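For reference, the structure is listed below as structure tokens.
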Amino acid sequence: MVKKYDVIIIGAGPGGMTAALYASRANLSVLLLDRGVYGGQMNNTAEVENYPGFKSILGPDLAKEMYESATQFEAEYAYGTVESVTVSPTGIKTVKTDSAEFETHALIIATGSQYKKLGIPGEEDYSGRGVSYCAVCDGAFFRDRDVAVVGGGDSAIEEGSYLTQMVKEVNVIHRRDQLRAQQILQERAFDNPKIDFMWDTIVTQIEGDGQKVTGVKTHNKKTGEDKLLPVSGVFIYIGLLPMTETVSHLGITDDEGWIITNEKMETKVPGIFAVGDVRKKDLRQIATAVGDGSIAGQEAYNYLETVKDVQR
């Protein structure tokens, strides 16, 4: 049996939960779908210090607060792995999961992104305990300590430069002999006395004492030399992967898979919106996802009003 809702939201991170709050508060029937526990990447964040209203809060605790807020106006929450999304000629969006099928006029995609992983020993073991993918989120925890930044693109160099405001030294480890970052970013990094570079080098293992990161093992591809670099943190920036596999066929993504929207969070397909980290944008933070979600929740209501007008 197909269940119908005014709004379906795929992804229960901060953007999706905020969209659910705004849409359900507008007296719309809302389904919030996620394949895991609500909260998204907040559940992997030990401490959040840059979200307004909280001087410091654990990521899972913030996720719980948001969930309770998101469901206070009877938005429904359901587990499910989305297998397909289709759009009919009349604008009906059908969402099929591994266990059910749903229909809606307004669909909000909040599936987020995932960090590309090095896939080396110690990376998963010390995730959140010294291994990070966000300097803005976690840099303050490494004040006056040595850290490693893995990567050579814009994100790696920007975040590495940001880290120099608080850490003792940043060791940029790059597999090539030159950076891929914009020239101006490179110049700033080369001029920064707190940044050192390890060229033609890859990280082969992340070391720790069972509680936290203590260093990284590296391998120089040209000389064959192996080293152990003592650091307290490892920031990995080798790219992000948008979670858009089930909607890529709708023509709403760019060549890299990011969903393109306007300022109203609208995609090219009428009635389909996108929020949070899955969007093509510069800053991916909890606060920006919440802002996206509030806009999408309201715009979904506005879209449904136009649908009603057409049907009258």
Side-chain angles (χ1 to χ4, degrees), residues 9-11 13-19 39-42 44-45 48-52 59 62 66 108-117 132-140 147 149-167 170 172 174 179-192 195 235-245 247-248 251-268 272-299:
I9 302 164
I10 305 175
M17 289 193 287
T18 304
Q41 292 185 11
M42 288 190 292
N44 300 321
T45 304
V48 178
E49 294 183 320
N50 59 352
Y51 187 73
L62 181 56
M66 285 190 180
I108 299 175
I109 303 167
T111 46
S113 63
Q114 58 184 352
Y115 294 100
K116 289 182 180 178
K117 304 292 179 67
S132 175
Y133 305 86
C134 179
V136 176
C137 309
D138 300 326
V147 301
V149 169
V150 184
D154 287 353
S155 294
I157 303 309
E158 284 180 325
E159 301 293 271
S161 297
Y162 172 83
L163 284 167
T164 61
Q165 300 176 66
M166 54 203 76
V167 305
V170 175
V172 175
H174 188 39
L179 301 175
R180 294 178 290 108
Q182 298 175 54
Q183 191 62 36
I184 189 170
L185 297 177
Q186 294 190 38
E187 292 171 0
R188 289 172 183 168
F190 292 144
D191 289 339
N192 194 319
I195 298 180
F235 292 82
I236 300 170
Y237 298 104
I238 58 172
L240 286 169
L241 297 172
M243 308 281 280
T244 51
E245 298 88 350
V247 296
S248 58
I252 58 177
T253 65
D254 66 6
D255 292 340
E256 295 180 335
W258 301 104
I259 298 179
I260 300 171
T261 72
N262 60 17
E263 63 182 9
K264 294 183 178 181
M265 306 301 137
E266 297 170 320
T267 69
K268 290 181 180 179
I272 296 184
F273 307 82
V275 304
D277 288 5
V278 76
R279 285 182 60 222
K280 184 177 180 63
K281 59 178 183 176
D282 293 327
L283 185 62
R284 293 182 170 87
Q285 292 283 287
I286 297 172
T288 59
V290 166
D292 291 354
S294 61
I295 294 170
Q298 181 61 40
E299 291 301 328

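Every value quoted in this text rests on a predicted model; they were computed, and no experiment measured them.
Environment of CG in Leu283: crowded, with over 12 heavy atoms of neighbouring residues, nucleotides or ligands closer than 6.0 Å. For Lys268, the NZ atom sits in a loose shell: 12 or fewer heavy atoms of surrounding residues, nucleotides or ligands are nearer than 6.0 Å.
Applying the salt bridge (Lys or Arg N to Asp or Glu O under 4.0 Å) test to Asp154 and every residue at least two apart in sequence or in another chain returns nothing. In terms of the side chain to side chain donor-acceptor pair (under 3.5 Å) criterion, residue partners of Lys117 (sequence neighbours excluded) are, by chain and number, Glu124.
Between Phe235 and Val167 there is no side-chain heavy-atom pair separated by less than 4.5 Å. Looking at heavy atoms from C-beta onward, Gln41 lies out of side-chain contact with Arg284 at the 4.5 angstrom threshold. Counting heavy atoms from C-beta on, the side chains of Val247 and Val278 never come closer than 4.5 Å. Here the side chains of Tyr51 and Met66 are in contact, with some heavy-atom distance below 4.5 Å. For the pair His174/Leu179, a side-chain contact is recorded, criterion being any heavy-atom separation below 4.5 Å from C-beta on. At a threshold of 4.5 Å between non-hydrogen side-chain atoms, the residues Gln285 and Cys134 count as touching. Between Glu159 and Val149, every side-chain heavy-atom pair lies at or beyond the 4.5 Å cut-off.
Of the inter-residue distances, the one linking Asp277 atom CG with Asp292 atom CG reads 9.0 Å to the nearest 0.5 angstrom. Separating the OG atom in Ser155 from the CD1 atom in Ile236 is a distance of 13.5 Å, to the nearest 0.5 Å. For the atom pair Ile184 CD1 and Ile157 CD1, the distance stands at 13.5 Å (nearest 0.5 Å). Between the CG atom in Leu240 and the OH atom in Tyr133 there is a gap of 11.0 Å [rounded to 0.5 Å]. Here CZ of Phe273 is found 9.0 Å from CG of Asn262. Values are rounded to the nearest 0.5 Å. Note that CD1 of Ile259 and OG of Ser113 are 11.0 Å apart. Values are rounded to the nearest 0.5 Å.
Heavy-atom minimum distance, Met42 versus Pro14: CE-CD, 3.8 Å. Contact record, Ala140 with Glu49: CB-OE1, 4.0 Å, taken as the closest heavy-atom pair. When all heavy atoms are compared, the tightest approach of Ile108 to Ala19 is CD1-CB, 3.9 Å. In this structure, Gly151 and Val172 approach most closely via the heavy-atom pair O-CG1, 3.5 Å. The two residues Ser132 and Asp138 have their closest heavy-atom pair at OG-OD2, 2.7 Å. A pairwise comparison of heavy atoms in Ser161 and Ile195 identifies OG-CD1, 4.0 Å as the closest pair.
Of the possible donor and acceptor atoms, none in the side chain of Arg188 sits under 3.5 Å from a partner among the backbone N and O of Glu158. A donor-acceptor pair is defined here as one N or O able to donate and one able to accept, closer than 3.5 Å; no such pair exists between the side chain of Gln114 and the backbone of Leu241. Within the 3.5 Å criterion, the main-chain N or O of Ala274 finds no donor-acceptor partner in the side chain of Thr261.
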ask   = Going through the checks in order, is the side-chain contact (heavy atoms from CB on, under 4.5 Å) test met by Lys264 and Glu299?
value = CA-CA 7 Å; Lys264 294 183 178 181; Glu299 291 301 328; 3.7 Å; yes
